Amino acid sequence: MKLFDNKVQEVKYNVLREVAIQTWKGNDVFAEFNEIASKVIPKDEPPQRCCIYKDRAVVAERIRLAIGGSRKNPNVVQVIDIACDECPEAGYVVTDLCRGCLNHACMDSCKLKAIHIDDQHHARIDKNKCVECGRCAKACPYSAIHNFQRPCEKACKIGAISMGPGGEAQIDYEKCISCGACVYHCPFGATVDVSSIVDVINSLKESRIDRNNPTIAIVAPSIASQFLYANLGQVITGIKKLGFAKVLEVALGADMVATKEAQELVEKGFLTSSCCPAFVKYIETRFPNLTDKISHNLSPMAELARFLKESHPEYKIVFIGPCIAKKAEVRKKEVGKYIDYAITFEELQALFDSRDIILREQEETEWNQASYYGRIFARSGGLAAAVTQALKELDVKDFTFDPVVCDGIDKCKQALTRADKGVLPNNFIEGMACTGGCVGGSGNLVRYEDAPKEMEKHIEKAHATEIIPNVRKTINIL
């Protein structure tokens with residue numbers, strides 16, 4: 001079974017692993033740059049770019065982001081400009097399929113006269129006049145005009161990425177929702193998420209010295225769709241071997257949120273979910289009129305962390321999940337006081353390998369704190385189903401729950417646009433930025449074909465089948 005979807009993820013992982021190894025040793029990471037670079041980019045292998053020197057310069061930038069990045073740039077997703085291939089400008093272009101026909105249908109279709117025919121009888125597009133309407137492409141009988149999109153721009157459904165002055169990609173942070181789609185889809189790995197892996201390791205090392213300040217891992221339920229080369233119980237054991245004093249299910253936080261969200265919905269009559277930070281940011285930036293409709297409840301991650309911090313203020317809490325946007329959520333003032341760091345499953349794999357923890361060789365740890373409904377938050381439609389169950393357990397009368405479920409920004413946009421215009425018939429929008437929900441997160445190791453099946457197995461193994469009784473029972477244990 002493959003460990004990563006592509007070579008870009010593998011290079012990213014290699015840097016994270018080597019940075020982690022040096023951090024465990026207590027070394028200054030940049031002082032060990034040559035050792036890290038020689039392992040990530042061996043000199044006896046063909047260079048990935050023009051030369052080994054540029055390859056290693058890119059590695060240096062990856063190391064900088066792996067240790068937390070520059071304090072001057074607070075954004076979670078950043079562009080390594082020297083890694084960007086400076087893809088051609090996006091938009092409609094005339095390809096070599098142009099036959100130089102006499103009809104000139106493309107030229108006639110353009111109302112702005114942005115197309116002319118050159119001396120070789122080939123069509124040419126004047127980008128200063130073109131508005132990318134696509135009429136010329138539809139008119140061409142040879143399909144010679146193609147709408148080219150840079151991979152990062154194509155992946156970003158909110159138009160936050162464009163070509164910078166030097167040809168490199170640039171991010172408009174007024175629009176960016178930190179979903180990480182560009183990180184996953186850039187074939188050169190030029191867009192990268194900032195890591196807290198060094199801070200997490202240092203926290204674990206400090207906890208070993210001072211047992212009164214333990215570091216706790218809270219893990220997203222979608223972990224069941226990852227690390228499929230081992231059993232889930234072995235993965236949990238591996239996390240404990242890293243030095244985490246406890247490994248708790250974020251799905252328990254989902255149980256807590258489902259009940260509160262159900263109560264808030266009944267009180268207000270209309271809500272949008274607040275579990276996905278990228279979806280929340282999308283509303284705040286593109287649909288400001290709906291901001292007051294966002295549920296005031298914290299996300300499952302933050303809700304569980306709040307409960308733990310209020311009971312045990314000495315805890316250092318680390319979220320582990322599939323979501324790059326969670327890194328941005330942790331930086332919000334109202335969330336950062338409860339949770340210290342957020343890392344992805346990609347980074348967790350690097351941590352395992354930095355300590356030579358072979359998951360298949362571990363004993364299994366029993367891991368069953370959340371209910372069935374808490375675990376289904378990991379997939380699209382899960383939150384709506386959990387709220388339905390919470391309303392039932394709360395014995396709410398005279399209220400009809402009518403949700404619309406959206407996964408992927410395109411679907412979210414449709415529902416939010418209708419809500420903004422006051423024509424949405426539903427009274428609840430469950431929104432997730434990633435297709436399929438958290439199981440499709442940008443911080444995953446790989447998009448396994450059998451991930452949904454494995455996720456369902458994990459969901460069905462939940463001992464508790466009711467939300468409220470499970471929360472009451474489990475918080476007494478914690």
Side-chain angles (χ1 to χ4, degrees), residues 1-4 13 16-17 20-21 23-24 196-197 200-209 211 213-254 301 304-305 308 312 315-322 339-371 374-375 378 438-439 441 443-446 448 450-451 453-464 474 477-478:
M1 182 175 289
K2 63 180 181 178
L3 190 58
F4 301 103
Y13 151 81
L16 289 168
R17 183 196 61 216
I21 288 172
T23 305
W24 285 115
S196 297
I197 195 169
V200 171
I201 292 173
N202 287 332
S203 180
L204 290 169
K205 290 167 71 175
E206 290 168 8
S207 294
R208 287 180 178 177
I209 297 171
R211 298 288 182 178
N213 291 288
T215 301
I216 310 298
I218 60 174
V219 185
S222 55
I223 193 172
S225 69
Q226 301 293 301
F227 306 98
L228 298 189
Y229 58 86
N231 295 327
L232 181 56
Q234 293 175 309
V235 179
I236 303 306
T237 301
I239 296 174
K240 286 187 173 182
K241 281 202 167 183
L242 287 170
F244 290 99
K246 291 182 180 181
V247 183
L248 303 177
E249 289 192 70
V250 167
L252 176 59
M301 171 194 78
L304 178 58
L308 293 171
H312 304 278
Y315 281 0
K316 285 286 185 69
I317 300 178
V318 178
F319 169 80
I320 303 174
I339 190 158
D340 298 279
Y341 309 111
I343 62 172
T344 63
F345 293 140
E346 286 180 325
E347 291 162 308
L348 179 59
Q349 181 66 61
L351 282 174
F352 285 147
D353 293 341
S354 72
R355 300 299 280 172
D356 295 322
I357 296 174
I358 302 173
L359 297 181
R360 288 187 296 266
E361 297 179 356
Q362 308 304 314
E363 295 182 0
E364 292 197 45
T365 295
E366 176 69 17
W367 202 54
N368 220 313
Q369 301 136 11
S371 77
R375 288 181 175 181
C438 300
V439 292
N444 280 333
L445 292 168
V446 72
Y448 294 111
D450 49 355
K453 179 179 67 177
E454 294 298 324
M455 192 68 237
E456 289 304 314
K457 286 181 182 178
H458 176 58
I459 291 169
E460 295 295 337
K461 287 180 181 178
H463 290 167
T474 308
I477 299 172
L478 297 179

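All residue numbers in this chain count up from 1 along the given sequence. Computed from a predicted structure; not experimentally measured.
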> Parallel, tilted or perpendicular, judged at 30° and 60°: which one describes the rings of Phe227 and Tyr229?
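The arrangement is perpendicular - the two ring planes meet at more than 60°.
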
> Check for a donor-acceptor pair, side chain of Asp340 on one end and backbone N or O of Val318 on the other, with a separation under 3.5 Å.
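No; zero donor-acceptor contacts below 3.5 Å.
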
> For residues Asn444 and Glu346, determine if any side-chain heavy atom of one lies less than 4.5 Å from a side-chain heavy atom of the other.
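Heavy-atom side-chain distance check fails, nothing below 4.5 Å.
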
> Can you name the nearest heavy-atom pair linking Gln234 to Gln362, along with the distance?
NE2-O, 3.0 Å

> Heavy atoms, side chains only, cut-off 4.5 Å: are Trp367 and Val219 in contact?
yes

> Quick one: closest heavy-atom pair of Ala230 and Leu359, and the distance?
CB-CB, 3.7 Å

> Do you know the tightest heavy-atom contact between Ser207 and Thr215?
OG-OG1, 2.6 Å

> Taking all non-hydrogen atoms of both residues into account, name the closest pair between Ile218 and Ala305 and its distance.
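Nearest heavy atoms, Ile218 then Ala305: CD1-CB, 4.3 Å.
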
> Among all residues two or more places apart in sequence or in another chain, which pass the side-chain contact (heavy atoms from CB on, under 4.5 Å) test with Ala350?
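Expected list: Tyr13, Leu16, Arg17, Ile197.
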
> Give a yes or no on this: more than 12 heavy atoms of other residues, nucleotides or ligands lie within 6.0 Å of atom NZ of Lys205.
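It does: Lys205 NZ has more than 12 such atoms within range.
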
> Quick one: does any side-chain atom of Gln369 pair with a main-chain N or O of Leu252 as donor and acceptor, under 3.5 Å?
no

> Pairing donors with acceptors under 3.5 angstrom, does anything connect the side chains of Gln349 and Asp353?
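A donor-acceptor contact under 3.5 Å links the two side chains.
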
> Donor-acceptor pair, Ser225 side chain versus Met455 backbone, under 3.5 Å?
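Checking the backbone N and O of Met455 against the side chain of Ser225, no donor-acceptor pair under 3.5 Å is found.
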
> Might you work through the side-chain contact (heavy atoms from CB on, under 4.5 Å) test for Leu228 and Glu454, ending with a clear yes or no?
CA-CA 8 Å; Leu228 298 189; Glu454 294 298 324; 3.7 Å; yes

> For the pair Leu248 and Leu308, evaluate side-chain contact (heavy atoms from CB on, under 4.5 Å) and give the outcome as yes or no after the intermediate values.
CA-CA 10 Å; Leu248 303 177; Leu308 293 171; 3.8 Å; yes

> Quick one: do Ile320 and Tyr341 satisfy side-chain contact (heavy atoms from CB on, under 4.5 Å)? Show the steps, please.
CA-CA 9 Å; Ile320 303 174; Tyr341 309 111; over 6 Å; no

> Does a side-chain heavy-atom distance below 4.5 Å link Asn202 with Thr23?
yes

> Can you name the nearest heavy-atom pair linking Ser222 to Ala378, along with the distance?
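Ser222 and Ala378 have their closest heavy atoms at N-CB, 3.9 Å.
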
> Less than 4.5 Å apart, side chain to side chain, heavy atoms only: is that true for Asn213 and Glu206?
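Not touching, per the 4.5 Å side-chain cut-off.
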
> My understanding is that only residues two or more places apart in sequence, or in another chain, count here; which of them pass side-chain contact (heavy atoms from CB on, under 4.5 Å) with Ala342?
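Counting only residues at least two positions away or on another chain, Ala342 forms a side-chain contact (heavy atoms from CB on, under 4.5 Å) with Phe319, Lys326, Lys327, Val330.
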
> Is the shortest side-chain heavy-atom distance between Ile357 and Leu242 below 4.5 Å?
yes

> Which heavy atom of Ala217 sits nearest to which heavy atom of Ile239, and what is that distance?
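Looking at all heavy atoms of both residues, the closest pair is CB-CG2, 4.0 Å.
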
> Before accepting this row, confirm whether a basic side-chain N of the pair Arg375/Glu249 lies closer than 4.0 Å to the acidic partner's carboxylate O.
yes

> Hey, does Tyr315 have a side-chain heavy atom less than 4.5 Å from the side chain of Ile339?
no

> Can any side-chain N or O of Thr237 pair as donor or acceptor with the backbone N or O of Glu363 at less than 3.5 Å?
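Indeed, once roles are kept as given, a pair shorter than 3.5 Å links the two residues.
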
> Say you draw a straight line from CG of Leu232 to NZ of Lys457; how long is it, rounded to the nearest 0.5 Å?
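Atom-to-atom, Leu232:CG and Lys457:NZ are 12.0 Å apart.
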
> Hey, does the side chain of Ser354 reach the backbone of Leu351 with a donor-acceptor pair shorter than 3.5 angstrom?
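Side chain of Ser354 to backbone of Leu351: a pair is present.
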
> Would you say the side-chain atoms of Gln226 pair up with the backbone N or O of Leu445, donor to acceptor, closer than 3.5 Å?
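A pair under 3.5 Å: yes.
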
> Hey, what do you get for NZ (Lys241) to CG (Asp356), rounding to the nearest 0.5 Å?
11.5 Å

